[in-house]
Amino acid sequence: METRQPAAAPYLSAACLQRLAPHLVPMVRRGIVGKSRYAKTLNGAIQAAAAPGQARPVLISGEPGLEKDNIAALVHFGSPARHKLMVRLNCALLRPDGSDLFGSGGGGGGGEAVNLLDCLAGGALLLDQIDRADSALRPALVELARTGNWSAVGEAISGAASGAAGERAGEAAKPRHFDGRVFFTSERSVAELDAICQQIRVPPLRVRRQDLGDWVRYGVRLRSRSLGWSRPPEVSEALIKRLQTYDFPGNVRELMQLVDRALRQCASNHPAEIPEEVFWIQRRSQRARFDLWRWKPQLRGWMRSPRFWNFLLFGVVSWVFVLVNVWLWLGPQDRQHNGALNLFWAWWWPLILLGYPLVGRLWCSFCPFMVWGEIVQRLARALGLPSERWPRGETDRWAAPVLAGGFAAILLWEAVGDLENSAWQSSALLLLITAGAVISSLRFEKRFWCRYLCPVGGMNGLFAKLAISELRAQAGTCSGSCSSYACFKGGPAEGEGLATAGCPLGTHPAHLTDNRNCVLCLTCVQACPHRSVSLRLRPPAADLQKDMQPPAGEAGLLLVLAGGLCLHSWQKLLGGLPLAPPTLATGPLLPRLAFGALALALPAALMLLARAVAGPARQRTLTLGLYALLPLLWAALLAQHLGLGMGEAGLVLPVSLAPWWPETAARLPAWSADPHVIGFCQSLVLLVGVGGSVLLLRRLLRQAWRPWLLVSLVPLALGVGSRWLVGVGVGVTSLRY
């Protein structure tokens, strides 16, 4: 396709060239990008309009930002009339009398001395935004398209002169004819042009999501060349999938601006693959949010203090972790006499589960595993040992199965090894996770282990979606005012922003779509000089929406956690089968592992069966339904650990001192809940979980009332089954010294 004007211009006078020059369309900017059926249909419409013999006016309609003027250029420069000139005028800027298009019949008095249509002759006239033309001018434009006739403004008035001059003026007042082709663009329907014009409707980007990858890669190649890069960066499928969740109200124009801004942000690094974090897309309007720091501004200053965090992490947590492990190894090995085991199983597990709906993944911000990982990472950096950047691309596709498999192994170890009553094995588990954090910290920058591989972190990220708190940034402020992006890259102090190493999980707060990759460490708040980041309260489970895009493999972790509940109550489910061992804690190892793995795999097996019955068309509905059960799963796990928590947490002081000072321990305060109170609290928690899942089913599946009520029987039945599985866990109610 020829895209430049030929040498027709030299046949025009200098006055005509000067008249046409500001409005000339010199070339086609780009062809039709994409391979979807919408792109093919649009290509077909352009080819039909550009076919030989076609001279009808063309109306190109579509939303703003779709480059409709470029579609008109594609038709003109693809037609036999490609050697003729094409000019473009914006109808919204034309005068109501049309003099800047049709000229003035008087030839003076401020009128145009050289008429644009006379100069254009048989070329193409593109009238942009016809729907915004003045109502007084529109009939003349419609007449120009219908018959090609037009009259200069004022010719009829000048023809009122007497004598021969009047006769000559009357002859001049006859309509003139335009032999060229007229193109219109419009954002709205123009009824008077429907029967006159050959119509081309340009579909918006939101219905052409299949073409989005081609558009982004095209824009990256184009902009990289203008930035002087010898090789454009790759664009990952994960990035394309994230962009496909956005509607792009500005269409192609907005997308090209997005690509340009993204490449400018990473221009200094020239990465081989463009990172997701540099793409800024505005999320849907978020209502029902309460900004805590706007309500109490002093809270922001206290919470972002580095002294507080450094003291907590490196002065308290790191050494408490060492003492707990020494206690587990050297102290008594059963939970009735080891206070560290009591802290781990009766305090830590119930409290972390209770914390999810309130503060999400906050535990990860002062987790002792990564505290020692950061200590080792700092020592390695001081010794000059380099750390690699994180691998890009579809990381979740390989990390999620590793994470789910790791958590499944931990659950099996917990059941088969009876970790609740084995201090040294509990310590070995903690040290094994710490070893993974340390090795990952030596290999990669920041908290690669926390984001992708930590089993506990994966569980925390999953349940953090239920939290009523969130840390978010204003994308407009970040993209318009910030140039350093120190909140996730790290950098020196700027303004009121402090020097930081950047987000430990490598995520920009304006890029967050849910709480999965935010640990509320407030590093972004410390680094931001523009006060863009805010800590807000919101409705529970606000991250779970119908249009969400769950990370690859995350549903597998959800099924593993549900399997942990079945594993804890395996005797009720599988105890009656032949060859079932009396307990998973003692006896031959192979049968114990087999029955433990079978109980753990029950939820996954049921999900596979449901997927096979539902068929490919309902896979996403099944996944959304699985996420709707997340509140019930949280409630079931909490109810399971409430038995130990309410039964033994109040005995931590006598349990801790009994091995060394039994008489003193006997006089210390001790508390243990009545079994009936424990059972009531477990039932109440499960009732809350069932209610949350029922409401989430309504939000995620968007069903009518009757189907919703029918589907709601599923969480109700699962809640009753969970209550039966959990039972009443009673802790130590009496101690003998």
Side-chain angles (χ1 to χ4, degrees), residues 1-6 25-88 123-130 145 180-190 193-194 196-223 225 232 235 240 243-244 246-259:
M1 179 182 292
E2 298 182 34
T3 57
R4 294 187 177 275
Q5 291 287 358
V25 178
M27 66 179 70
V28 174
R29 290 195 297 276
R30 60 178 63 89
I32 302 302
V33 179
K35 305 180 185 64
S36 69
R37 62 185 180 91
Y38 297 101
K40 293 176 181 177
T41 302
L42 183 58
N43 251 325
I46 292 172
Q47 292 174 7
Q54 288 289 347
R56 288 181 63 193
V58 180
L59 173 62
I60 304 167
S61 57
E63 296 179 359
L66 286 172
E67 298 187 329
K68 296 181 288 294
D69 57 335
N70 186 62
I71 303 294
L74 280 170
V75 174
H76 174 69
F77 291 118
S79 71
R82 65 176 67 92
H83 299 293
K84 298 181 180 180
L85 298 177
M86 183 180 198
V87 298
R88 172 181 176 272
L125 174 64
L126 171 57
L127 296 173
D128 209 4
Q129 300 187 92
I130 179 63
R181 195 173 188 183
V182 182
F183 294 84
F184 297 99
T185 71
S186 174
E187 295 174 4
R188 294 184 292 271
S189 175
V190 184
L193 291 176
D194 287 347
I196 299 172
C197 298
Q198 186 173 354
Q199 298 194 35
I200 299 177
R201 292 182 173 86
V202 187
L205 274 186
R206 68 174 176 274
V207 303
R208 300 169 54 192
R209 298 180 196 270
Q210 181 182 344
D211 294 334
L212 198 59
D214 294 326
W215 270 108
V216 173
R217 292 183 178 94
Y218 167 78
V220 168
R221 290 195 302 270
L222 191 69
R223 188 58 188 147
R225 191 181 305 124
V235 180
I240 299 302
L243 294 178
Q244 285 173 338
Y246 180 57
D247 286 340
F248 285 99
N251 290 294
V252 175
R253 185 185 303 121
E254 182 180 2
L255 178 61
M256 291 298 104
Q257 292 172 351
L258 186 72
V259 171

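By the 4.5 Å heavy-atom criterion applied to side chains, Leu243 and Val216 are counted as neighbours. Here the side chains of Ile71 and Ile32 are in contact, with some heavy-atom distance below 4.5 Å. At least one side-chain heavy atom of Phe77 sits less than 4.5 Å from a side-chain heavy atom of Val25. At least one side-chain heavy atom of Trp215 sits under 4.5 Å from a side-chain heavy atom of Arg208. When side chains are defined from C-beta on, His76 counts as touching Phe183, because their heavy atoms get closer than 4.5 Å. Residues Pro203 and Leu66 are not in side-chain contact: their nearest non-hydrogen atoms beyond the backbone lie 4.5 Å or more apart. Taking 4.5 Å as the limit, every side-chain heavy atom of Arg181 sits out of range of all side-chain heavy atoms of Leu125.
Using modelled atom types, one side-chain atom of Lys68 and one backbone atom of Glu63 make a donor-acceptor pair closer than 3.5 Å. Judged purely by atom type and a 3.5 angstrom limit, Thr185 uses its side chain to pair as donor or acceptor with the backbone of Gln129. Within the 3.5 Å criterion, the main-chain N or O of Ser189 finds no donor-acceptor partner in the side chain of Ser186. Judged by distance alone, the side chain of Asn251 and the main-chain N or O of Leu205 form a donor-acceptor pair under 3.5 Å.
Residues Arg30 and Tyr218 have side chains that bring a donor and an acceptor to within less than 3.5 angstrom of each other.
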Step by step, work out the side chain to side chain contact (heavy atoms under 4.5 Å, CB included) result for Asp211 and Val33. CA-CA 7 Å; Asp211 294 334; Val33 179; 6.0 Å; no
Run the side chain to side chain contact (heavy atoms under 4.5 Å, CB included) test on Phe248 and Leu212 for me, step by step, so that the C-alpha distance in whole Å, both residues' side-chain angles and the decisive distance to 0.1 Å come before the verdict. CA-CA 10 Å; Phe248 285 99; Leu212 198 59; 3.9 Å; yes
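The pair Asp214-Lys35 meets the salt-bridge criterion, with a side-chain N (NZ, NE, NH1 or NH2) lying under 4.0 Å from an Asp/Glu carboxylate O. A salt bridge between Asp247 and Arg209 is present, with a side-chain N of the basic residue lying under 4.0 Å from a carboxylate O of the acidic one. For Arg29 and Asp69, the salt-bridge test passes: some basic side-chain N is under 4.0 Å from an acidic carboxylate O.
Leu126 approaches Ala72 most closely through the heavy-atom pair CD1-CB, 3.8 Å. Contact record, Gln210 with Ser36: OE1-CB, 3.7 Å, taken as the closest heavy-atom pair. Closest approach of Ala73 to Met27, counting heavy atoms only: CB-O, 4.5 Å.
In this structure, CG in Leu193 is found 8.5 Å from CD in Gln199, a value given to the nearest 0.5 Å. The OG atom of Ser61 sits 8.5 Å away from the CG atom of Asp194 when rounded to the nearest 0.5 Å.
Applying the side-chain hydrogen bond (donor to acceptor under 3.5 Å, both in side chains) rule to Arg217 yields the partners Glu237; only residues at least two apart in sequence or on another chain are considered.
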Using residues 46-60 as the side-chain source, report each donor-acceptor pair under 3.5 Å to any protein atom, sequence neighbours left out, with the distance given to one decimal.
unit_1 : atom_1 : unit_2 : atom_2 : d
Arg56  : NH2    : Ile196 : O      : 3.2
Arg56  : NH2    : Cys197 : O      : 3.1

